[in-house]
Amino acid sequence: MKYIFNVSPNLRQKQSTQKIMLELTIALLIVFGFSLAYYFQAYGMDYVIRALVLMACSVLTALVTEVAFAFFMKKGAKFDLKYVGKFLNSSFGWITAIILVLMTPISIRPFALIVSTFLCILFGKLLFGGFGNNIFNPAAVGRAIIFATFMGATTDVVTTATPTTTIATEFNWLVLDSDLITEMMDAIGGLGTLFTGWYPGALGETSALLILILGVILAIRKVIDWRIPTIYLGSIFVLTAAIALFRGVGSYGNLPGFIWYPLVHVLTGGVVFGAVFMLTDPVTSPTSAQGKTIFALGAAIITVLIRIKANLPEGCLYSILMMNMLTPMIERALDGKQLTLRKKAAFMFGGVAIVGLGSVLLAASAVQAKEPDPKVFVATSDAETQKFDARIDASVDNGDGTTTFTVAAQGYHSLEDASQYNIFEIIVNTENKTIVSVKPTTIVDTEYVGDKILDEGFLAQFNGLDLSADVSVERNDAVTGATYSARSTVRAVQEVRSALGY
């Protein structure tokens with residue numbers, strides 16, 4: 001009997017896994033290079049060296065972890081250098097390490113990055129069976145470990161708040177008042193700064209422009225699937241535009257609220273980076289085109305919900321991990337001939353979109369929009385002000401009718417550590433009994449909040465005050481949220497008044 005075999009038609013992929021990962025590595029290193037250029041220009045060579053040290057620590061940890069795992073498992077043939085090279089070449093641990101570094105701020109301590117890299121490589125990938133078998137994106141696992149365990153393991157190398165942190169903590173992701181909109185946008189540098197990424201933040205997540213350009217190139221090269229970043233970013237824009245219309249977000253310049261507000265959501269944090277380099281991970285995302293669109297839509301909905309309702313500044317990371325868990329379910333739901341499942345996939349996509357939009361608008365209705373704080377006057381007779389301790393550490397006669405007092409006064413941080421004091425330099429004209437100036441020299445209160453008492457408008461209120469009268473100053477909009485620090489300032493002035501017999 002004669003058997004005739006016909007080879008079934010197959011699609012040929014010019015790109016091998018090694019070539020895909022090589023191109024992905026190059027794209028990630030370009031993003032890292034942009035970060036190095038920014039920190040060199042803004043902060044100097046020391047910051048470039050620090051970023052390089054962080055990258056070296058993470059990549060070396062990933063490689064050592066995989067080599068050690070290969071040694072102990074001894075899969076296949078006899079363990080030798082050739083086997084090690086083959087194992088590493090098929091595991092691509094360095095990509096996980098690079099992505100993890102690009103997701104972290106430059107202020108992270110090396111030991112925290114080393115531990116997180118080890119744990120994400122081992123528990124996020126290797127224990128699942130290695131590359132191709134992991135359920136969760138390993139780099140996202142590492143970043144979640146840092147969030148949960150090492151948030152305090154940072155240095156003070158960069159003291160500027162990131163746009164995402166500023167919007168989340170100071171403006172609650174929702175502003176309606178036109179003055180507050182301008183204040184928020186000025187605080188984060190405007191849409192142009194967000195788009196170019198010329199500001200401090202996670203090492204590789206700031207420049208939306210560069211990441212989008214690389215994303216287009218990678219999509220054309222078939223390294224990533226264009227559907228996921230397109231649906232993800234587009235869905236975030238539509239969902240947040242709906243919030244702007246629903247809550248009546250005002251205009252910013254010539255841009256209506258339903259334009260500038262969703263642009264802020266898209267351009268801040270790790271949204272664009274996550275869309276291009278993380279959600280597109282072929283191992284932890286669905287394989288079918290229909291599944292990818294549903295996957296991306298779900299991630300967008302979760303991102304927006306976490307941002308506006310959860311006590312977290314960023315939602316992209318956790319949306320990736322949550323959708324990773326749902327990938328097997330999406331695959332099963334769309335298992336079969338893809339051409340015959342289009343109607344079912346469209347129904348699923350529409351259902352998720354409707355439920356997601358309803359959930360986002362319901363959550364947005366409960367969000368309290370940031371409102372301008374009322375003017376608050378703080379006087380030395382205020383009972384809260386009197387709770388703070390203060391002392392004069394030194395006084396110097398300047399020989400021109402003025403005396404400089406160095407005063408230590410407790411502030412917000414003193415509630416946790418009574419030994420911590422804000423330090424003030426207060427100059428007094430002893431002849432006409434008035435205050436010449438008040439200047440905070442050391443502020444131990446919460447960074448970005450307590451240090452708002454450095455605002456010139458706030459400090460100018462003390463200039464020329466009559467020492468014989470009770471001191472009453474205005475905690476203006478510039479020091480919103482710095483109530484304890486403002487009272488600390490007033491208490492320091494009161495201590496000087498008391499020393500002079502008033």
Side-chain angles (χ1 to χ4, degrees), residues 135-137 140 173 205 208 211-212 215-216 218-219 224-246 258-259 261-310 312 314-336 338-365:
I135 298 175
F136 299 102
N137 185 297
W173 282 109
E205 294 180 351
I211 296 171
L212 287 173
V216 171
L218 292 176
I224 65 173
D225 192 302
W226 63 270
R227 297 175 183 84
I228 291 180
T230 302
I231 296 296
Y232 179 67
L233 297 176
S235 298
I236 290 179
F237 187 94
V238 171
L239 291 170
T240 50
I243 293 175
L245 293 170
F246 181 65
F258 63 86
I259 297 296
Y261 183 70
L263 283 176
V264 167
H265 274 273
V266 170
L267 297 177
T268 54
V271 167
V272 178
F273 182 85
V276 173
F277 292 112
M278 300 190 68
L279 280 167
T280 54
D281 177 17
V283 176
T284 57
S285 62
T287 56
S288 66
Q290 295 91 336
K292 292 179 187 294
T293 60
I294 296 172
F295 175 82
L297 175 62
I301 293 170
I302 296 172
T303 298
V304 176
L305 285 174
I306 290 177
R307 280 190 165 185
I308 64 175
K309 281 301 292 178
L312 291 169
E314 181 59 86
C316 178
L317 167 66
Y318 294 106
S319 72
I320 293 172
L321 292 174
M322 293 175 72
M323 290 308 298
N324 288 162
M325 290 190 296
L326 296 178
T327 293
M329 184 182 71
I330 295 174
E331 291 282 64
R332 285 196 298 270
L334 297 176
D335 187 25
Q338 296 302 306
L339 295 178
T340 62
L341 288 172
R342 287 183 178 179
K343 186 174 180 180
K344 181 180 180 181
F347 178 79
M348 289 175 60
F349 186 90
V352 172
I354 293 173
V355 172
L357 179 61
S359 300
V360 167
L361 293 181
L362 180 62
S365 66

Quick one: [atom1] on [X] to [atom2] on [Y], what's the gap to the nearest 0.5 Å?
{"X": "Thr230", "Y": "Lys292", "atom1": "OG1", "atom2": "NZ", "answer": "12.5 Å"}
{"X": "Asp225", "Y": "Ser285", "atom1": "CG", "atom2": "OG", "answer": "8.0 Å"}
{"X": "Leu267", "Y": "Phe237", "atom1": "CG", "atom2": "CZ", "answer": "9.5 Å"}
{"X": "Leu279", "Y": "Ile224", "atom1": "CG", "atom2": "CD1", "answer": "10.5 Å"}

Shortest non-hydrogen contact from [X] toward [Y]:
{"X": "Ile320", "Y": "Ala140", "answer": "CG2-CB, 4.4 Å"}
{"X": "Thr293", "Y": "Phe349", "answer": "O-CE1, 3.6 Å"}
{"X": "Met323", "Y": "Ile294", "answer": "CE-O, 4.2 Å"}
{"X": "Thr280", "Y": "Pro229", "answer": "CG2-CD, 3.7 Å"}
{"X": "Ala353", "Y": "Leu297", "answer": "N-CD2, 3.7 Å"}
{"X": "Arg227", "Y": "Ala289", "answer": "NE-CB, 3.5 Å"}

Apply side chain to side chain contact (heavy atoms under 4.5 Å, CB included) to the pair Ile228 and Met278, showing each step before the final yes or no.
CA-CA 10 Å; Ile228 291 180; Met278 300 190 68; over 6 Å; no

How about Thr303 and Tyr318: does a side-chain donor come under 3.5 Å of a side-chain acceptor?
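Thr303 vs Tyr318: no donor-acceptor pair found between side chains.
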
Would you check if there is a donor-acceptor pair between the side chains of Asn324 and Thr327 at a distance under 3.5 Å?
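Asn324 and Thr327 do not have a side-chain donor-acceptor pair below 3.5 Å.
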
Using a 3.5 Å distance criterion without hydrogens, assess whether the side chain of [X] forms a donor-acceptor pair with backbone atoms of [Y].
{"X": "Glu331", "Y": "Thr287", "result": "yes"}
{"X": "Lys309", "Y": "Ala363", "result": "no"}
{"X": "Lys344", "Y": "Ala333", "result": "yes"}
{"X": "Ser235", "Y": "Tyr232", "result": "no"}

Just say parallel, tilted or perpendicular for the rings of Tyr261 and His265, cut-offs at 30° and 60°.
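Plane angle over 60°, so perpendicular.
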
Who are the ring-ring contact (aromatic ring centres under 6.0 Å, His included) partners of Phe295, not counting sequence neighbours?
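ring-ring contact (aromatic ring centres under 6.0 Å, His included) check on Phe295 returns nothing, list empty.
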
